[in-house]
Amino acid sequence: MSELKEIKEIEKRWLKKWEEAKLFEPKIDENKPKFFANFPYPYLNGYPHIGHTYTASRVDAFVRYKRLKGFNALFPQGWHATGSPIASAVKRLKEGEPNQIKIMKGMGFSDKEIDKFKEPKHWIEFFAPKYKKSFKELGYSIDWRREFYTTSLNPRYDKFIRWQFRKLKEKGYVIKGKFPVVWCPKCNNAVSDHSRTEGEGERPQEFVLIKMKLEDSDEYIVVATLRPETMFGQTNVWIGPDTKYVKANVDGEKWIMSLECAKKLEQQDHKIDIVSEIDGKELIGKRAKAPFVNRYIPIWPSDFCDPKKGSGIVTSVPSDAPDDYMGLKDLKESVELREKYGLKKEEIDKIEPIPIIDSDELGDLPAKKVCEEMGIKNQHERKKLEQAKKFVYKKGFYLGKMKDNCGKFSGKPVEIAKEKMKKELLKNNDAIRFYELSGKVVCRCLTPAIVKIVHDQWFIDYANEEWKKKTRECLNNLKLYPEKVRGQFEYVIEWLHEWACTREEGLGTRLPWDEKWLIESLSDSTLYMAYYTIAHILKEINPEDIDDNLFDYVFLGKNIEIKADKKKADAMREEFNYWYGVDFRNSAKDLVQNHLSFFLFNHTAIFPKDKWPQGMGVNGYLTIDGAKMSKSKGNFLLIKDLLENYPADVTRATLLSGGEEMDDPNWDTEFAESLLAKFPQWIKYIVSIYNKGREERKKIDDWMESRLYDTIKDVSDAMENTLFRTAFHNTFFQLSNHLRWYLRRCKNNPNKKIINKVIESQLIMLSPITPFFCEEAWKGIGKKGFISKTEWPEIKAAKLKKDAEWLVKNLLEDIRNVSELAKLDKIKRIRIFFAEDWKYRLFDLVEQELKETDNPKQIIQKVMQTDLKKHGKEIIKFLPKILQKRALPSFLDKETEEEAIRDAKGFLEEEFNSEIIIHQNPEKDMPKSKQAMPGKPAILLE
RNA sequence: GUGGGGGUCGCCAAGCUUGGUCAAAGGCGCAGGACUUAAGAUCCUGUCCCUAAGUGGGUUCGUGGGUUCAAAUCCCACCCCCCACACCA
């Protein structure tokens, strides 16, 4: 533990040094290429947790790498407070809501502290520094001068967003439209998710309300359905016998429905006059005309008609709706029921479910099949029926096809037929759209909420084809990390359409031309990366002096009158022009379908091409020891707790080794523990062997140097593509293994130059991932300055012509194997035999021939035509076997092989503590020696 | 269902574009040994099965076929897992 404490001290020291040197506060430098990276600002409604850090660690590692590659790199950070989470939490605290108080207590706040959180601003003021502290401690190379937070609480950002929205509006990308919202009739207001006592997450769901004319009447009964595609299977209508319905004039027609339904319709743009009440009973036995089936169908009683749902009247499709199937079955089987409502048996028996949809393995009467399989007894088994409904719907919707009796929709997949049939019903005036809540919602005032159509909802018109075209162009020209997400983006740009961009409640910026609206959180975070470039200078300007003209001046280069100080404005313009566009924006994959795509759209809308995004990174979701992170599982790791147990570098390395590309990265506690034990030791070790060794150059040094260059090449490639796991593994594990072998081979007496180069390179290549240890070690080996600001090792081609080291490794292994098998107590002598010259010649020849043919016969014939024929007897013993594989085992020319083994002689002697004798050619009295082959010397242990 | 990503020797994972040198890198874990008073670290060794003075045999890369002298790698079919399909941030 004391060791950890020591490490933490070292970290603190470097943080201080970096800060004092303003290491991460880059200045404009026209002689250097710039690199601007960032990731979505986190929400300030709690402490930073490990989920935030994976994405951020990727950005930091990339930025640090680019810095070493000579880029002028900028990594800024801001905070998000827009939207409802903070606002609702504040509201709930003010109301003393127990659950919210529990949450706050869970975060460790006292009553007194909780009191302060009744101010939205306190959330920002409290949590932003917490994030900042954690991010600093993790060693992120952030330029903190540019820090800011969102919402009207920051007037400068507020003005920026207003500017952005006016720009969008000018270009016609913000439009007004209708929109169903959850509404409290008592408060006369929209009920946001967090001002509900019940029904969080529920939202308006679109039903089709179908009108059915009653026989010999000008009245309609109306039925609500979510499944217009099943209308060809209607057999009858269900009505609640003991339910009260109303007759009302709706848009000039006479409708019958539940009272609740009428009230809802009133809120959904319909004119309603209630005329009278009517009992469900009175309608039983009447007939109504059903669309698509196009005939009159009877109205029968059932118990599942809920006046609160839809119209309280249901059209019955017993083929595909389990409820309806059971309802019909009950009527058929119950004399009592029929008598009660005076229904004739023959008439009911006449009705059978009509197969209309082929639902794959469920057949064409899925409701029947599923009800039977689940053993549902009657229409009162609600729970089972709900399950059955869901199951049947899913199968039918995704896999189903309309059968031949469905008119022009026959043969169509249900998914498509559904939309078409809905459209047709609406077009023919047989139906209207009707919104119903997906579940019960109760407002704070304890009034049940309804759906209301609002007319002045604002949308961002992501459906605009011209805009899509520009955005596609932008996508085509940017680099993706990894490239394989491109398809996903193309798809999203395709289907993205109007996005409701305003809300009534929460924190944020008001819509400049319609101040009752707040811009919602996914819409005020699409262009702000540009704000980073000027944030530090903008802070010096009075909010009153900030207006649209200023932003036009700075961002769009318009030469117009501005209130603010011209010098400062020019400075901002310069910053923006230098740093923009974004070279790397990284986020988890859930933001592909909204935020990252919006990001592209908004940039193409407002900025010229040279300011469009240049690169985007996408990664998976962090898991903890293989499990999804969740509070209930107790694996919800906060950064502050994490950093108490692990050094920042171990945390970073564990995260970045957890996964790459689109895989869900995994925080592996065992790995972290193992790193904690090994990593600091290793760094200490390489510092201790730095600059120790000989001047003289040996063969094995070439090998080490080549391995180093290979590693540098591989790691550079990986870093360029944000493959940090690969980079870390190659640098830390692979290169360390090479180094270990090297030291063993040269009996711990390495070439000074080489060993130093290996150690320096390893430290530099590790530094983007583990900066603290590397800084400390850099100093430890006597380097001046920061490793964070040094140069990435040069990529060079490996010098070594022929790598024969594998021969030594194989030999070592073979000797060990044999010695184990031989069960010799002590090996006095090891004899090594090389194959005779002619075998090398043979191998060369065969290698040539194999390029021509793979026919063993031909090759052997060819061999026998040469002077090798005199070894024919021996050759025929082993060559066919080798030729079976159509490839020779690895071998080098004899000279190289001998040289390699001779070079390793001393090493081998030491390894086995025995004498090594190298024979160039086989000895007559040692038959074993005949086994030698090119690339595989024979061994004799004595 | 559509679109995207996957399925490799306990676990994680490389390889698959460009078929052979692949029983398949590396890490983690596990086991044995050296070192140590001891633990950790470090260093060696092993880690599909069989066989054994070696470089041999067998069975493996989701499943089943196919192409080929040769398939984890190419082709076809199928199965399974994850993500998105929105106005929730």
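Only heavy atoms go into these numbers, but all of them, side chains included; no hydrogens, no water, no symmetry mates. Quick note on labels: first sequence line is chain A, next is B, and so on, each numbered from 1.
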_Going by ring-ring contact (aromatic ring centres under 6.0 Å, His included), name the residues that satisfy it together with A/Tyr481, two or more places apart in sequence or in a different chain._
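Result, ring-ring contact (aromatic ring centres under 6.0 Å, His included) vs A/Tyr481: A/Phe62, A/Phe584.
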By nearest atom, which of the nucleotides [options] is closest to the [X] side chain?
X: A/Ser521; options: B/A89, B/U2, B/C28; value: B/A89
X: A/Asn594; options: B/G54, B/C88, B/A84; value: B/C88
X: A/Phe733; options: B/C85, B/G26, B/A41; value: B/G26
X: A/Gln681; options: B/A41, B/C85, B/G27; value: B/A41
X: A/Ala677; options: B/A41, B/C28, B/G54; value: B/A41
X: A/Lys936; options: B/G54, B/G4, B/A25; value: B/G54
X: A/Gln593; options: B/G6, B/G3, B/A84; value: B/A84

Short side-chain donor-acceptor distance under 3.5 Å, [Y] and [X]:
X: A/Asp524; Y: A/Thr509; value: no
X: A/Gln457; Y: A/Trp517; value: no
X: A/Thr151; Y: A/Thr82; value: no
X: A/Glu520; Y: A/Trp458; value: no

*Can you tell me if the side-chain N/O atoms of A/Lys678 get under 4.0 Å from OP1 or OP2 in B/C28?*
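For B/C28, OP1/OP2 do have a side-chain N/O of A/Lys678 under 4.0 Å.
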*Phosphate contact (B/G3 OP1 or OP2) by A/Arg486 side-chain N/O below 4.0 Å*: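 No.
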What is the distance from [atom1] of [X] to [atom2] of [N], rounded to the nearest Å?
X: A/Trp667; N: B/C28; atom1: CH2; atom2: C1'; value: 14 Å
X: A/Tyr462; N: B/C87; atom1: OH; atom2: P; value: 15 Å
X: A/Glu206; N: B/C87; atom1: CD; atom2: C1'; value: 14 Å
X: A/Tyr41; N: B/A89; atom1: OH; atom2: P; value: 14 Å
X: A/Lys589; N: B/G6; atom1: NZ; atom2: C1'; value: 9 Å

Once you apply the 3.5 Å cut-off to both distances, tell me the Watson-Crick or G-U wobble partner of [N], or none.
N: B/C85; answer: B/G1
N: B/C22; answer: none
N: B/A77; answer: B/U63
N: B/C11; answer: B/G27
N: B/A38; answer: none

What nucleic acid atoms does [X] come within less than 4.0 Å of, heavy atoms only: base, sugar-phosphate, or nothing?
X: A/Asp590; value: nothing
X: A/Phe671; value: sugar-phosphate
X: A/Ile939; value: base
X: A/Gln488; value: base
X: A/Ala500; value: base

*Can a salt bridge be assigned to the pair A/Arg472 and A/Glu490 using a cut-off of 4.0 Å between side-chain N and carboxylate O?*
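Looking at A/Glu490 together with A/Arg472, the answer is no, because their closest N to O distance does not fall below 4.0 Å.
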*Is any side-chain N of the basic residue among A/Lys178 and A/Asp456 closer than 4.0 Å to the acidic one's carboxylate O?*
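Salt bridge: no.
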*asked:* Just checking A/Phe127 against A/Tyr43, ring centres under 6.0 Å apart?
replied: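 Ring centres of A/Tyr43 and A/Phe127 not closer than 6.0 Å.
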*Nearest-nucleotide wise, let me know which of A/Met662 and A/Tyr621 is further upstream toward the 5' end of RNA chain B.*
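Result of the comparison: A/Met662.
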_Both A/Asn737 and A/Ile815 contact RNA chain B. Taking the nearest nucleotide for each, which residue is further toward the 5' end?_
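It is A/Asn737, whose closest nucleotide lies nearer the 5' terminus.
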_Quick check on ring-ring contact (aromatic ring centres under 6.0 Å, His included): which of A/Trp495, A/Tyr173, A/Phe601 does A/Tyr462 satisfy it with?_
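Running ring-ring contact (aromatic ring centres under 6.0 Å, His included) over A/Trp495, A/Tyr173, A/Phe601 with A/Tyr462 returns exactly one hit, A/Phe601.
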Using the [atom1] atom in both, what is the distance from [N] to [M], to the nearest Å?
N: B/C69; M: B/A52; atom1: P; value: 37 Å
N: B/G27; M: B/A38; atom1: P; value: 28 Å
N: B/A14; M: B/C61; atom1: C1'; value: 12 Å
N: B/C81; M: B/C22; atom1: C1'; value: 27 Å

_Contact pattern, 5' to 3', of nucleotides 7-15 of chain B - B, S or - by protein heavy atom under 4.0 Å_ = ------SS-
